[in-house]
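Worksheet for the structure shown next.
All chains are named by letter (A, B, ...) in the order of the sequence lines, taking the proteins before the strands, and each is independently numbered beginning at 1. Excluded from the calculations below are hydrogen atoms, water molecules and symmetry mates; all remaining heavy atoms, backbone and side chain alike, are included. Model, not experiment: these values are computed from the prediction.
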Amino acid sequence: MSHSADTNAGPGWQAIKAVTILVYIFMFAPILVVMILSFNDSMFGGFPMTGFSLRWYERLAENEAVLRAFQTSLWVALITSVICTVLGIMGAMALVRYDFPGKEWVNTLVIAPALVPETVLGVGLLLLIRWAQEPRTLGLMVAGHILLALPYVVLVVQARLIGIKRVYEEAAMSLGANRFNTFREITLPLLMPAVVASMLLVFTISFDNITASMFWRPAGVETMPTQILSMLKISISPEVNALGTLMIVITVGLPLLGGALARILARGAKQP
Amino acid sequence: MPLTAAQARRPWLLLAPTLVALLVLMILPICIMFLFSFYEFVTAGVEKDVFTTANWREFFTDSYYHYFIWKTVRVAAITAVLCAIMGYPPAYFIAMTRFRHKWLLLLLLIVPFWISFTIRTFSWIHILGEQGIINVTLLWLGIIDQPLRMLYTEGAVIMGMIHFLLPYMILNIYVSLEGIDRNLISAARTLGCTNWEAFREVTLPLSLPGLMAGLLLCFVLAAGSYVTPQILGSGRDALFGNLIFDTIMGQLNWPMGATLSMVLLVLLGAVAAVYSRYMGLSRIFKGLSR
């Protein structure tokens with residue numbers, strides 16, 4: 001690039017840089033504030049800080065409602081991520097590897113749940129079971145979460161699958177492997193980063209969902225986000241900050257770990 | 001080579017579970033919703049399956065609902081536009097920078113997606129509240145002698161939604177900018193454009209698809225929101241999602257709840273359809289599927 005075409009200079013560029021930094025601060029400042037306040041000794045969940053304390057974490061460890069909600073969310077998210085990832089991989093395989101009439105329609109349909117407001121999906125599922133005269137169950141919530149996360153899995157797997165050349169699969173098949181073996185031995189290992197990524201993505205989508213879960217949770221059952229919301233309704237206690245901090249550490253730590261793992265797996269797949 | 005019947009069936013077999021899930025969990029419920037909107041509301045939790053247009057009449061004649069529609073559209077539009085204004089410079093910076101650790105900047109945009117939405121929303125209470133960092137600092141500096149009322153206002157709701165939607169916007173614009181052939185910008189510069197002219201004539205028009213995708217996504221997600229107004233707004237800042245929730249969970253008026261849900265669906269569906277007519281839906285999520 002010649003120097004005259006250099007856009008990375010001048011006051012304009014400096015302004016863009018400054019705005020970028022401000023936007024990143026905007027993104028992370030509130031989160032940092034929650035983390036700092038979780039160590040506040042004060043009875044109230046706001047400023048000013050009155051001293052460093054871990055007592056809100058101790059209080060949290062004894063809070064059975066929170067522990068129960070955590071377990072519920074964990075199981076729902078785990079089951080959702082396994083089922084949803086399997087469905088998503090199958091769907092993405094069909095959409096990338098095959099041509100069939102109506103493909104565009106199917107593609108749009110698969111993305112649709114991400115665009116329909118969660119409130120509408122929430123009401124819809126409730127109306128379905130009301131119409132069928134069934135009670136609200138955790139199974140229904142898992143089904144709902146699968147619906148919410150499915151578009152993202154299909155998109156993530158699709159993006160990766162497009163990058164995997166078809167010739168590898170054709171080679172395996174010409175050597176006598178059947179379709180399933182080809183998928184297991186060739187496609188799946190190459191797809192592994194996308195599989196890990198979508199499982200983590202679904203896990204967070206499900207674990208984190210609140211709007212739809214508010215509609216779908218069975219009476220008396222709380223998930224982690226609905227539990228936090230009901231705690232917020234009583235008061236903004238420092239306990240909520242401690243809980244928030246723990247969740248931030250878990251939800252940021254897990255995907256980073258998974259991402260690192262996926263990178264290692266990807267490297268392994270390239271050099272068998 | 002003509003497809004054998006088995007080959008033609010294979011993609012459908014692979015898609016079957018997904019399609020069944022979409023059919024049972026989304027299409028069928030929306031059909032039932034449509035049906036329910038014509039049922040008669042008897043009393044809380046009870047309705048009669050007789051055909052009546054009462055719910056729809058009530059919706060079209062009662063200005064109470066029109067007020068909510070208008071407010072939801074207005075708040076969502078303001079949110080989307082502010083997201084675009086705040087999101088474009090960072091997206092441009094990430095796309096054009098020669099900073100070697102670009103991946104880090106992108107990672108930092110994706111990290112908020114992992115942090116619980118509820119936590120990200122209530123974290124604003126600590127910034128905007130009476131005990132929040134802004135008020136405490138301003139009081140301490142002696143600039144104000146009474147805490148400013150920022151929390152539980154429409155502004156706080158918009159702020160919370162921007163905070164949540166900004167990564168969607170930045171990623172969408174970034175992907176668009178990344179796809180631009182840099183030679184075009186160089187060419188414009190050699191032909192005598194200033195940096196700003198090159199941006200206005202080349203870069204900006206070519207990044208419009210990403211910008212529009214971001215606007216659509218932000219608008220739709222903001223208009224459908226329920227939790228942000230709940231946490232950061234006062235009762236007066238309720239949006240259409242809150243209205244639906246209260247109608248169904250509070251008043252147990254299922255037919256009216258179904259009617260209102262249909263309205264929101266049609267409204268946002270129309271926006272998405274207009275967009276899809278010009279841009280194609282699938283590109284909205286390009287930024288997120290990388």
If you tally heavy-atom pairs under 4.5 Å against chain B, which of A/Lys233, A/Arg130, A/Glu104 wins?
A/Arg130

With sequence neighbours excluded, tell me which residues meet side chain to side chain contact (heavy atoms under 4.5 Å, CB included) with B/Trp103.
B/His101, B/Leu107

In terms of heavy-atom pairs under 4.5 Å with chain A, the winner among B/Asn135, B/Leu105, B/Ile30, B/Thr137 is B/Leu105

With a 4.5 angstrom heavy-atom cut-off, could you sort out which part of B/Ile133 is near chain A: side chain, backbone, both or neither?
both

Okay, A/Leu109 and chain B: the region with an atom under 4.5 Å from a heavy atom over there is both

Name the member of B/His163, B/Met33, B/Glu130 that forms the most heavy-atom pairs with chain A at distances under 4.5 Å.
B/His163

Under 4.5 Å heavy-atom distance to chain B, tell me which part of A/Leu126 shows up: side chain, backbone, both or neither.
both

Name the option with the most non-hydrogen atom pairs under 4.5 Å to chain A; the candidates are B/Tyr226, B/Tyr88, B/Phe117, B/Phe245.
B/Phe245

Name the option with the most non-hydrogen atom pairs under 4.5 Å to chain A; the candidates are B/Ala188, B/Pro29, B/Gly224.
B/Pro29

Against chain B, label A/Pro151 side chain, backbone, both or neither, depending on which of its atoms sit under 4.5 Å from a heavy atom there.
neither

Who among A/Met93, A/Arg97, A/Arg179, A/Met224 has the most heavy-atom pairs with chain B under 4.5 Å?
A/Arg179

Do any N or O atoms from the side chain of A/Asn209 and from the backbone of A/Ser206 form a donor-acceptor pair under 3.5 angstrom?
no

Considering only heavy atoms, which portion of A/Ile146 lies under 4.5 Å from any heavy atom of chain B: side chain, backbone, both, or neither?
neither

Does a sphere of radius 6.0 Å around NZ in A/Lys17 hold more than 12 heavy atoms from other residues, nucleotides or ligands, not counting ones at 6.0 Å or beyond?
no

For B/Ile115, is it the side chain, the backbone, both, or neither that has a heavy atom closer than 4.5 Å to a heavy atom of chain A?
both

Which one wins on heavy-atom pair count under 4.5 Å against chain A: B/Thr118, B/Ile244, B/Leu260?
B/Thr118

Report which part of B/Leu108 has an atom under 4.5 Å of a heavy atom belonging to chain A: side chain, backbone, both, or neither.
both

Give a yes or no on whether the backbone of B/Ala198 and the side-chain of B/Arg189 come within a donor-acceptor separation of less than 3.5 Å.
no

Ring centre gap for B/Phe93 and B/Phe99 strictly below 6.0 Å
no

Determine all donor-acceptor pairs shorter than 3.5 Å in which one atom belongs to a side chain in residues 10-28 of chain B; sequence neighbours excluded.
residue : atom : partner : partner atom : Å
B/Thr18 : OG1  : A/Leu87 : O            : 3.4

Could you look at A/Lys103 and say if it's the side chain, the backbone, both or neither that has a heavy atom under 4.5 Å from chain B?
neither

Identify which part of A/Val123 has an atom lying under 4.5 Å from any heavy atom of chain B, answering side chain, backbone, both or neither.
both

Quick check: B/Tyr168 with B/Phe113 (ring centres under 6.0 Å apart)?
yes

Relative to chain B, which segment of A/Leu200 carries a heavy atom at a distance below 4.5 Å: side chain, backbone, both, or neither?
neither

Is B/Met86 close to B/Ile162 at the side-chain level, that is, under 4.5 Å between some pair of heavy atoms?
yes

If you count heavy-atom pairs under 4.5 Å with chain A, which of B/Arg120, B/Met262, B/Glu47, B/Met159 comes out on top?
B/Glu47

Region of A/Phe207 that comes under 4.5 Å of a non-hydrogen atom in chain B:
neither

Establish, yes or no, whether a centroid distance under 6.0 Å links the rings of B/Tyr174 and B/Tyr92.
no

Between B/Phe36 and A/Trp131, does the ring centre distance come in under 6.0 Å?
no

Proximal component of A/Val240, with respect to chain B [non-hydrogen, under 4.5 Å]:
both

With a distance cut-off below 6.0 Å to the six-membered ring centre and an angular limit of 45° from the axis, does A/Arg136 pair with A/Trp216 as a cation-pi contact?
no

Drop me the distance from B/Ser261's OG to B/Ile248's CD1, to the nearest 0.5 angstrom.
5.0 Å

Would you mind checking which part of A/Thr204 comes under 4.5 Å of any heavy atom in chain B, side chain (CB onward), backbone (N, CA, C, O), both or neither?
side chain

Is B/Leu265 in contact with chain A via its backbone, its side chain, both, or neither, using a 4.5 Å heavy-atom distance?
both

Option in A/Val19, A/Val23, A/Ile21 with maximal non-hydrogen atom pairs under 4.5 Å from chain B:
A/Val23

Indicate the ring-plane relationship of B/Trp124 and A/Phe26, choosing parallel, tilted or perpendicular according to the 30° and 60° boundaries.
tilted

Any idea which of A/Leu243, A/Leu22, A/Leu147 has the most non-hydrogen atom pairs under 4.5 angstrom with chain B?
A/Leu147

Whatever's closer than 4.5 Å to a heavy atom in chain B on A/Val157 counts as neither

Cut-off 3.5 Å, side chains only: do B/Thr259 and B/Ser37 have a donor facing an acceptor?
no

